[in-house]
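Here the structure comes first, spelled out in structure tokens, and everything after it is commentary.
Numbering of residues begins at 1 and proceeds along the displayed sequence. As the structure is a computational prediction, the values presented were derived from the model and not from experiment. Whatever order the structure lists ligands and atoms in, that order sets their numbers, starting from 1.
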Amino acid sequence: MGFRIYVVEDFDGVSRASSDILLPVMKERTILQGRGFNLGLATGSSPTGLYLVMSSRAGQQMFEAEKVRSWNLDEYVGLPGSTPEEREAHPESYHAFMRDKLFKHLNPGFSETHIPKATDINQSELETALNDSPNDYTVEGYEGESLGKAIVIKEDAKNKYLRLVKEKYLDGYIQSIANNKIHWWILGIGQNSHIGFHERGIPLHHEILLVKLDRNTVENAVRDGHFPSYDDAPKYAISVGAGGISAYTSNILLLASGERKTEAVTKAVVDKVSRDVPASILQHHAQKKGRASIMVLDEIAAGELLSKTSYRWVMKEKVIEFYDIMKQQILAAQLFSP
Ligand code: GLP
């Protein structure tokens with residue numbers, strides 16, 4: 001199916017169009033075929049409208065929630081709280097987000113829900129271990145204090161805490177995804193074009209990451225009202241990496257709306273696939289046999305993309321498709337309400 005981009009009017013349109021894409025597939029597998037469906041999930045405001053539709057439709061037999069298992073992309077390390085329970089219950093944890101925006105509204109619920117157990121990790125213990133054992137890991141990413149980094153713990157790390165983090169929280173999580181495989185993964189995109197917490201500059205092949213967050217990511221979390229100040233906000237996270245998403249997922253569905261996403265979305269589609277633009281992994285993913293990358297954008301997020309002159313619109317059935325003439329690739333499709 002390749003790479004396809006739908007442009008709709010606004011945030012509500014993004015939620016409706018993405019549920020029109022996803023729910024029939026979930027129905028087909030869970031109700032018509034009676035088989036399991038593995039769903040990849042993201043946090044952030046972008047998928048909240050889709051989650052609302054999903055929770056209301058589960059009750060209307062649009063899909064069978066008990067046949068669905070979900071895996072989330074990421075979770076913060078360093079949330080306020082002195083125990084794992086307190087950190088997990090913190091209103092800004094991704095555990096709390098998923099509970100509030102989706103899981104608690106499903107009755108019955110998904111049969112399994114998985115979220116990286118980053119809330120088990122104690123940020124100061126982690127920092128102590130990193131300071132004490134600098135030979136146990138490498139740091140990957142662009143130069144510069146403010147830019148996000150992958151902390152890659154070595155196989156033969158001597159420090160017990162770093163080994164625990166690697167084996168239990170990183171390798172254990174990606175292994176469970178690799179063993180099961182995701183049918184569709186819902187993604188958002190950061191202003192700096194990150195997906196999950198795979199920050200700009202981190203090599204794309206990484207499947208699972210312990211990340212020191214980009215300053216821009218932390219600042220946006222403060223700007224969006226999630227944390228009162230930069231100092232109060234978490235500085236680390238565990239995230240499935242771009243390499244893990246692409247390796248273990250059949251279809252990617254990325255949602256974006258608003259001005260903050262315009263540049264990130266354009267780069268993800270038009271720029272070369274590179275670690276400078278983690279979301280460009282969608283282009284690479286779409287080249288694989290039997291895989292699809294789909295973006296659902298509102299008109300503002302898609303604005304710059306649509307103004308590129310080397311593309312042309314083609315009317316086809318109920319969609320206008322937006323081709324890159326050079327690459328012979330569909331770049332965008334305007335979806336009409338039936
Ligand atoms: C965070 C999350 C991402 C999400 C991004 C954008 O960084 N880790 O998974 O895509 O925010 O969030 P929003 O949709 O609120 O703009």
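- Tracing side-chain contacts under 4.5 Å through hydrophobic residues (I, L, V, M, F, W, Y), one never reaches V152 starting from L162; they form parts of separate clusters.
- Below 4.0 Å from some heavy atom of G44 lie the following atoms of ligand 1, by number and element: 12 (O), 13 (P), 14 (O), 15 (O).
- Closest to atom 8 (N) of ligand 1 among all protein heavy atoms lies D74 OD2, 2.8 Å.
- In F97, neither the side chain nor the backbone holds a heavy atom less than 4.0 Å from any atom of ligand 1.
- Looking only at protein heavy atoms, the nearest one to atom 16 (O) of ligand 1 is K261 NZ, 2.6 Å.
- For F197 and Y236, the distance between ring centers is not under 6.0 angstrom.
- By the 3.5 Å distance cut-off applied to N or O atoms, D224 is not counted among the residues near ligand 1.
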*Given E88 and K117, is the salt bridge (charged side-chain N to carboxylate O under 4.0 Å, His left out) satisfied, shown in steps?*
CA-CA 9 Å; E88 193 177 305; K117 277 289 195 181; 2.8 Å; yes
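- Interface of H194 with ligand 1, defined as ligand atoms under 4.0 Å from a residue heavy atom, comprises 1 (C), 5 (C), 7 (O).
- Nearest protein heavy-atom neighbour of atom 4 (C) of ligand 1: T43 O, 3.9 Å.
- Counting heavy atoms from C-beta on, the side chains of L22 and F63 never come closer than 4.5 Å.
- Each of the following atoms of ligand 1 lies closer than 4.0 Å to a heavy atom of G188: 10 (O).
- Distances between N or O atoms of G196 and those of ligand 1 include at least one value under 3.5 Å.
- Nearest protein heavy-atom contact of atom 14 (O) of ligand 1 is S46 OG, 2.5 Å.
- Checking only distances, T217 never comes within under 3.5 Å of ligand 1, N or O to N or O.
- Here is the list of ligand 1 atoms found below 4.0 Å of a heavy atom in I189: 6 (C), 10 (O).
- Closest protein heavy atom to atom 2 (C) of ligand 1: Y94 OH, 3.6 Å.
- We find that D136 and K166 are not joined by a salt bridge, their nearest charged nitrogen and carboxylate oxygen being 4.0 Å or further apart.
- Between the side chains of Y94 and N72, no donor-acceptor pair of N or O atoms lies under 3.5 Å.
- Any N or O atom pair closer than 3.5 Å counts here, and R260 shares no such pair with ligand 1.
- Considering only non-hydrogen protein atoms, atom 15 (O) of ligand 1 sits nearest to S45 N, 2.7 Å.
- Across every non-hydrogen atom of P228 and D232, the tightest pair is CG-OD2, 3.4 Å.
- Remark: E219 CD is packed, more than 12 non-hydrogen atoms of other residues, nucleotides or ligands lying under 6.0 Å away.
- Side chains of S239 and H198: no donor on one and acceptor on the other come within 3.5 Å.
- Salt bridge R215/E145: absent, no basic N to carboxylate O contact under 4.0 Å.
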